[in-house]
Structures are given as structure tokens and as C-alpha cells.
Amino acid sequence: FDLLDQSRVFVDGPCTGVVRKSLNLKTLHLTPIVMKVTRSMRTGLIKKAWEKEEITKKWEESTWAKKLAMREKRAALTDFDRFKLMRAKQQRNRLINIQYGKLRKANKAKAKK
């Protein structure tokens, strides 16, 4: 992005569908992903630099992007999908509790000896 004044920046995201526009700094969320660009760089050059530094790949590997993807995936679940998820969690928790009980019982037996 390019600074316009104290509160506004010029943003361009050719590989993400963000058209060139002015945005208020308060509406932006900065990420630790940094790309070196010069002032007033054209969209085509920004796209080349973006692809060269693999910014999209870095973003997809970040935990922030993974959380957003998970949130979108959960929002798209149907009622039946939520039911299947609930049943899978119940089965998993049963297995965990059975193993925990076995370990606790073995630990009690060791403590008595």
C-alpha cells in the first residue's frame, strides 16, 4: 500500500481481487507478511512481485487464514453435517474416557503395591 495521509492508505491486491482504492487505516488489519514495493507501483508490477514472493502461499499457511477457512467451513455445514460431527465427537470422547479409565485403574493398582 501507499500512504496518502495520516489516516488513509492506497491499497492494491491484484491476486486477491482487491481493486486499487483508498482505505482508512482503522479498517485494515496488518499481517506479518511483508512485500517490498516502491511507491506508486503499477498493478501489473505488484502482481509480478506478489507471485515472485509467493504471498498467497504464505497467507494460506498462516494460522489466521486457517482459522478463517475453518470458520467458513463450519458456517457451510448442513444440519445433518452438524449431527454427524456431534456423533463423531461423542465416539472420540468415549474412546478417550475408556483409555483414561484403564490408565487410572492401572495407576491405582501400582499405588497399592
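Note that the coordinates shown come from a computational prediction; the quantities given were computed from them, not determined experimentally.
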Only pairs under 3.5 Å count here: list side-chain donor-acceptor contacts from residues 92-111, not counting sequence neighbours, and write none if there are none.
{"residue": "Asn93", "atom": "ND2", "partner": "Lys89", "partner atom": "O", "Å": "3.2"}
{"residue": "Asn97", "atom": "ND2", "partner": "Asn93", "partner atom": "O", "Å": "3.3"}

Side-chain donor-acceptor pairs of residues 21-38 under 3.5 Å, sequence neighbours excluded:
{"residue": "Ser22", "atom": "OG", "partner": "Arg8", "partner atom": "NH1", "Å": "3.4"}
{"residue": "Asn24", "atom": "OD1", "partner": "Lys26", "partner atom": "N", "Å": "3.1"}
{"residue": "Thr27", "atom": "OG1", "partner": "Asn24", "partner atom": "O", "Å": "2.7"}
{"residue": "Thr31", "atom": "OG1", "partner": "Ile33", "partner atom": "N", "Å": "3.4"}

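Within the structure, every pair that satisfies the side chain to side chain donor-acceptor pair (under 3.5 Å) test and touches residues 65-80, not counting sequence neighbours, is listed here: Thr78-Asp81. Counting only residues at least two apart or on different chains, the side chain to side chain donor-acceptor pair (under 3.5 Å) pairs with a member in residues 42-61 are Asp12-Thr43, Trp50-Thr56.
Within a 6.0 Å radius of CE in Met86, more than 12 heavy atoms belonging to other residues, nucleotides or ligands are found.
Applying the side-chain contact (heavy atoms from CB on, under 4.5 Å) rule to Arg87 yields the partners Phe83, Gln90; only residues at least two apart in sequence or on another chain are considered.
Under the 4.5 Å side-chain heavy-atom criterion for Ile, Leu, Val, Met, Phe, Trp and Tyr, Phe10 and Val19 are members of distinct hydrophobic clusters.
Connectivity analysis of hydrophobic side chains (ILVMFWY, heavy atoms under 4.5 Å, direct or indirect) links Leu77 to Leu85.
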